[in-house]
Amino acid sequence: MKLLLPDALHARPADLLVRRAAELPARVVVHCRGKRADARKILEVLALGAQKGESVELESDDPESLAAIAALITQEFDPDLVPARAASVVEGIAIGHAVVLVDDDDGAGAGTVAEERARVVAAFACTRSDVSALLARLPAAEAALFAPELTILEALEGAVLARVEGGERATDAVRGEASGGPTDLVDDARQRLLDAIRGTVGARERRLAETAQPTVLVVEGVTPSLVAVLPAHVVGVIAVTEDEAAGTSHAAILARGRGLPLAYVAPHVAAGIEDGAALILDTTTAPARIWSGPSETTLADATRRRDALAADARVAEAQASTPLALVAVRVNVGSTRDHVPAGAEGIGLLRTELVFADRERPPSEDEQAEAYGVVAAKTTGPVVIRLFDAGGDKPLAFLPGEARGIALLRAHPGVLAAQLRAIARVDRGAVLIPLVRGREDVDAVRALAPSGLAIGAMVETPEAAGDIDALAAAADFVCIGTNDLSCETLGIARAAGPDALDPRVLAHVRRTVEGAHARGRKVTVCGEIAGDPRGARVLVGLGVDALSVAPARFAPLKLALAGVTLEHCRTSSRSHLP
Ligand code: PEP
Ligand code: MG
């Protein structure tokens, strides 16, 4: 195929050509003036030296690949034909203006050693005073647990200053000394120090509050607490990461609950997004795609696809409103804004730590009762409210300490008691205990709970599964958290996306179901695998009574299970766990 070049193949058009070619199934060769270049190789394409108006010939075994490159050339290297690539974490289409909160911290470059030293000293002074102010606001017992941050700051200051004396910039020195620490108080200290050095204390919140326009947020790291407190005008999130996307990270779970498209990109992709630019994020394809500053046509096309997706979801939800004979299907929610489909047979998991992720002080009993009541009003079914499950990637400022789940909460008995009283005020409310370690946790919670409140134990470790007889005797119902259970069983971090269908994990599920049923207790699974049709079949085959899934997965899952029999499910589970 012969074409005339509308532009010389200099760096930008050549880059577009190579990026487009990289996505195509077959190789395309470009011939010009007797030279040839593989369209996927930037140096070969540049070496053609092809000029505007010159004739090039394209060659490929695949007509579609050929047509795609020809379209890019005839459409004058329109960048909309070559969107940036991203890893899809939560599916959807978001259209808005970019708010870029990537820490390109170092803007001004390195100062002299004396200047960098002065920045460090000022940042430590500011951070110490902020932390002290926080401690003064906290009740004494909690301040005591939070106080180590002051000691951590003290220990860091000398080491950070030594790095600066050695020629490092203030921000690099802070990162170097305070990264990957054994406690999240070190992470907290790092973020505070970096904000203080850059003069950006509280800047994220202020920046997002500046506009009410639909916004696609571009951030360096995405944490559950960030997603939990995003204002409603944030319609999508692009996060920079070098790692693989993991759908079971808490940030992903929370974004999915809100129907908030989320993608991970490499640093150079985020660097190419201009603050304020119109942005389309489409995570419905693999890889996900990002258009920065798209044309009117591309924008109109994306808007049409986004609206069609929403209409399809509404239709699917209407079709999925009848209960299945096979298994009850409930939803997991993490905020008072989460959508609860009309057909949902209750809330199987309310992640309360996400509802109050932005608080420095514990929410009062009244505030909690009100928030949980808002969620309960969205369903006529049971409302299973999990006690604050903090620690790990879900730090809560008002629950300091290094433990996780119920172990951490029991170190704060006042907070635990107030939460139990709040839950008891919720119509159809029940309590769920996260990361339960044994019967003693259930008994301790029951002793503090107003009488008559149903109490569920969450099995999230092999030890809890092994102790199911005692746990089921003490609890009123059981819920299996397969996200944590698979990490704990396989010894893999959540971000690595462990496989909940591994036979070692399923063996714990089977044991838990059998032990709970022997005591007449119902079992729900509320990990992400419950929302996957294949996973759901295996779980139902193992005898679970209910599945609790992200709202966005509710309708597709129910439609996928329509017509599936218990016998099909048993066959699926036998194939995974003979
Ligand atoms: C789980 O671990 O499976 C679970 C549902 O809890 P979370 O994802 O909130 O840790
Ligand atoms: Mg868990």
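Every value quoted in this text rests on a predicted model; they were computed, and no experiment measured them. Indexing begins at 1, ligand by ligand and atom by atom, following the structure's order. Numbers for residues simply follow the sequence, beginning at 1.
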Please find the pair of heavy atoms, one from [X] and one from [Y], that lie closest to each other, and give the distance.
X	Y	value
Ser548	Gly348	OG-CA, 3.1 Å
Val333	Pro551	CG1-CG, 4.5 Å
Asp469	Arg519	O-NE, 3.7 Å
Arg437	Asp467	O-OD2, 4.4 Å
Leu501	Leu506	O-CD1, 3.4 Å

At under 4.0 Å between heavy atoms, which part of [X] makes contact with ligand 1: side chain, backbone, both or neither?
X	answer
Ile253	side chain
Arg386	side chain
Glu488	neither

**Study point:** Atoms named by residue and atom, protein N, O or S, within reach of the Mg ion (ligand 2) (under 2.8 Å)
**Key:**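 As for protein N, O or S atoms lying under 2.8 Å from the Mg ion (ligand 2), they are Glu460 OE1, Asp484 OD2.
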Element-labelled atoms of ligand 1 that are located less than 4.0 Å from some non-hydrogen atom of [X]:
X	result
Leu349	5 (C)
Met458	4 (C), 5 (C), 6 (O)
Gly481	1 (C), 2 (O), 3 (O)
Cys526	5 (C)
Arg351	4 (C), 5 (C), 6 (O), 7 (P), 8 (O), 9 (O)
Lys394	9 (O), 10 (O)

Check your understanding: Quick one: salt bridge (charged side-chain N to carboxylate O under 4.0 Å, His left out) partners of Asp476, sequence neighbours excluded?
Key ->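 So Asp476 forms a salt bridge (charged side-chain N to carboxylate O under 4.0 Å, His left out) with Arg446.
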Point to revise | Partner set under side chain to side chain contact (heavy atoms under 4.5 Å, CB included) for Arg289, not counting sequence neighbours | key: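 Arg289 satisfies side chain to side chain contact (heavy atoms under 4.5 Å, CB included) with Pro83, Asp282, Thr285, Trp291, Arg305 only.
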Check your understanding: Taking only residues two or more places apart in sequence, or in another chain, which ones meet Glu370 in a side chain to side chain contact (heavy atoms under 4.5 Å, CB included)?
Key ->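 Side chain to side chain contact (heavy atoms under 4.5 Å, CB included) list for Glu370, sorted by chain: empty.
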Review point. Are Lys394 and Glu353 ion-paired here, with the side-chain N under 4.0 Å from a carboxylate O?
Key: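 Yes, this pair counts.
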Point to revise | Flag side-chain contact, heavy atom, 4.5 Å: Glu317 against His339 | key: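 In short, these two side chains touch, coming nearer than 4.5 Å.
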Check your understanding: Taking N or O atoms only and a 3.5 Å limit, does Glu353 qualify as a polar contact for ligand 1?
Key ->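 No: no nitrogen or oxygen of Glu353 is under 3.5 Å from one in ligand 1.
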Practice item. Going by the side chain to side chain contact (heavy atoms under 4.5 Å, CB included) test, name the single residue among Leu326, Leu547, Val329 that passes it with Lys558. Key: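 In the set Leu326, Leu547, Val329, the residue that makes a side chain to side chain contact (heavy atoms under 4.5 Å, CB included) with Lys558 is Val329.
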